[in-house]
2 protein chains.
Amino acid sequence: MKFKTIEWRGDCVRLLDQRALPRRACYIVCKDASSVAEAIQKMAIRGAPAIGVAAAMGVALAAKRSRTLRPALFRQEMERVCERMRQTRPTAVNLFWALDRMKKVWDQRLNFDVEEMKERLEAEAIRIFEEDREVNQKIGENGKVLIHEGDGVLTHCNAGGLATAGYGTALGVIYAAWTEGKRFRVFVDETRPLLQGSRLTAWELSREGIPTTILTDNMAGWLMSKREVTLVLVGADRIARNGDTANKIGTYGLAVLSKWHGIPFYVAAPTSTLDLSLVSGKGIPVEEREPEEVTRFAGVRVAPKACRAINPAFDITPHSLIHGIITEKGIIRRPFGKRLKRMKEE
Amino acid sequence: MKFKTIEWRGDCVRLLDQRALPRRACYIVCKDASSVAEAIQKMAIRGAPAIGVAAAMGVALAAKRSRTLRPALFRQEMERVCERMRQTRPTAVNLFWALDRMKKVWDQRLNFDVEEMKERLEAEAIRIFEEDREVNQKIGENGKVLIHEGDGVLTHCNAGGLATAGYGTALGVIYAAWTEGKRFRVFVDETRPLLQGSRLTAWELSREGIPTTILTDNMAGWLMSKREVTLVLVGADRIARNGDTANKIGTYGLAVLSKWHGIPFYVAAPTSTLDLSLVSGKGIPVEEREPEEVTRFAGVRVAPKACRAINPAFDITPHSLIHGIITEKGIIRRPFGKRLKRMKEE
């Protein structure tokens, strides 16, 4: 990867502002937790694994800036920061998972030296970041067998280096297969309303020299019927115990279309995206964002003023439409229930 | 309708420029056939029935402006104009149908008075325009029984007053049901890349006070799974003898999703959209437009420069996914083959 999605810089966190891509590669420097929270909420940084890393770094920043030496007060401050982070985006579980990991660091002991705790929290945030990169590489290695020479791989939204600490989940699989020498084409749904496909995925892939073709979301079915798509790979924001998967809006429709055309449909995600507390996808909260994302584009209003618009940021794909889930621990196939549980607990 | 999509003004044709809607309602005045052809090609006017009317008026304009008094020369000029018109857009058959009707006027006699022929051609163009309005009203009357109180009707692209001489096909059905007093909601796919849904359909419907909700194309499947959509109504650009239907890209995917969710999927079109010369949809040419329509959004480049994009303007929905075709002569149901032929020939 020739770019850094997120970077810990000791006294600040530097984020690549994804809203300006691909036109400008500019960075946001966050000096406190609340500016990290804002960057997550406004989607300067997005992608389930990346926002988990960002939230952890936000907590580590807050710890560094704390003035208290009293453990009880420090703990209270940190809990407040976590609460703020939790409010940013409701669907991707990695955010909550990362905050829980940070929380465990101070929950493990009743009394502690605050200065030492700050160092522990910084180390934990960096560990979450580094683990995510390693996990992504493993997902790529585990999944690359699914891509064959001459394939047409369709992906949706951005599950790449920009959605993670680096490398990517669905795109990680693509990078690993490409690096191995396999040659194939990638089709990228533009992914309205925020165009993470045409802006971000196309940008990443073309920097790596991988042949990339953009399509509007409504072209996928037609392309499948023409047999140009032979495999669908997407990321995930939360996976319930039975394999039901929340991912960027449009994923569900793609999964139905894949099933209809007999095209394998795979989800690539780290096990931190598994939420074993949920029996099925019904329990996953779906974020509803501002309708203006649909009625406007790049500051230009496209729809009449009086019109309503809906804007669910995610949808839930039932496990019955998913061929397999590619994780850092291997590819899990149906029936997902027991296998996901076993894998997460390993 | 409080707007005029196309209007014959004796010495010119006035078109509502649909590229500027909904932000501005501005008109293009075409004084000759080549500016009509350009308006069709650049989609200032679009929609299968509307471009048929426009092409006929373009021929009538060319006739008016002709300087010759010799029938053979006049005929040659007219054939050239028809040829130019035929080059504009390949998929919608109404364009060819309308040109054939104009051609018949001079083909009926070997010798004629050129001045009289000019009047005949003007009269024929106006007749095509007026018939289209009547046909649309009938489609509305025939189809309105399909909409029930409380329905959620999803439509794609624009098959409304703006796509026809007035009133509309799929939207004609909606207008007729609404005028009768039925109350329901309409969901409008924005229809990338040119946003005929959020720009044109939403504009038309909200002017008529019909509750309209815009969604990005990739939200339709999710909305169906939530049972919010109870009926899908779309227009058509060409219908083959077996019922296979070419319509705006994305229609095919919607039809598959409708089938999957058990939601009735209807096509509304005049019989002039039937092409009995084609056994199936395989013979319908699908227009491929500039990739820039996809890589740009509302004039702003969104994708990296190096990236390819595909841009088929239409797709073909197989007859097996279509519940029925609403025409001015009634609703045709499967098996379409014989029934379409009989109806067209009636």
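Below, read A as the first sequence line, B as the second, and so on, with proteins coming before strands; counting in each chain starts at 1.
Across all their heavy atoms, Pro304(A) and Pro22(B) have their closest contact at N-CG, 3.8 Å. The two atoms that bring Ala303(A) and Ile214(B) nearest to each other are CB-CD1, 3.4 Å, heavy atoms only.
Options Val294(A), Thr213(A), Leu215(A), Asp217(A) differ in how many heavy-atom pairs under 4.5 Å they form with chain B, and the most are formed by Thr213(A). Ranked by heavy-atom pairs shorter than 4.5 Å toward chain B, the options Glu190(A), Arg199(A), His156(A), Lys248(A) are led by Glu190(A). Top candidate by heavy-atom pairs under 4.5 Å with chain B, chosen from Leu205(A), Val302(A), Leu195(A), is Val302(A). Options Pro211(A), Gly197(A), Ala309(A) differ in how many heavy-atom pairs under 4.5 Å they form with chain B, and the most are formed by Ala309(A). Contact tally against chain A (heavy-atom pairs below 4.5 Å) for Gly253(B), Pro312(B), Ala306(B): the top residue is Pro312(B). Between chain A and the residues Leu257(B), Asp315(B), Asp189(B), the largest count of heavy-atom pairs under 4.5 Å involves Asp315(B).
Contact of Arg185(A) with chain B is made through the side chain alone, with heavy-atom distances under 4.5 Å. For Trp203(A), the parts lying under 4.5 angstrom from a heavy atom of chain B are both the backbone and the side chain. Both the backbone and the side chain of Phe297(B) have a heavy atom closer than 4.5 Å to some heavy atom of chain A. Both the backbone and the side chain of Ile310(A) come within contact range of chain B, with heavy atoms under 4.5 Å apart. For chain B, the nearby parts of Thr212(A) are the backbone and the side chain; heavy atoms of each come within less than 4.5 Å. Contact of Val286(B) with chain A is made through the side chain alone, with heavy-atom distances under 4.5 Å.
Residue Arg334(B) qualifies as enclosed at atom CZ: its count of foreign heavy atoms under 6.0 Å is above 12.
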Side chain to side chain contact (heavy atoms under 4.5 Å, CB included) evaluation trace for Asn311(A) with Met219(B): CA-CA 8 Å; Asn311(A) 190 13; Met219(B) 292 173 189; 3.5 Å; yes

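For the pair Val300(A)/Arg23(B), a side-chain contact is recorded, criterion being any heavy-atom separation below 4.5 Å from C-beta on.
Going from atom OG of Ser206(A) over to atom CZ of Arg308(B) covers 13.5 Å, rounded to the nearest 0.5 Å.
No donor-acceptor distance shorter than 3.5 angstrom exists from the side chain of Asn218(A) to the backbone of Thr191(B), with no hydrogens or angles considered.
Residues of residues 222-237 of chain B lying under 4.5 angstrom from chain A, judged on non-hydrogen atoms, are Trp222(B), Leu223(B), Ser225(B) by number.
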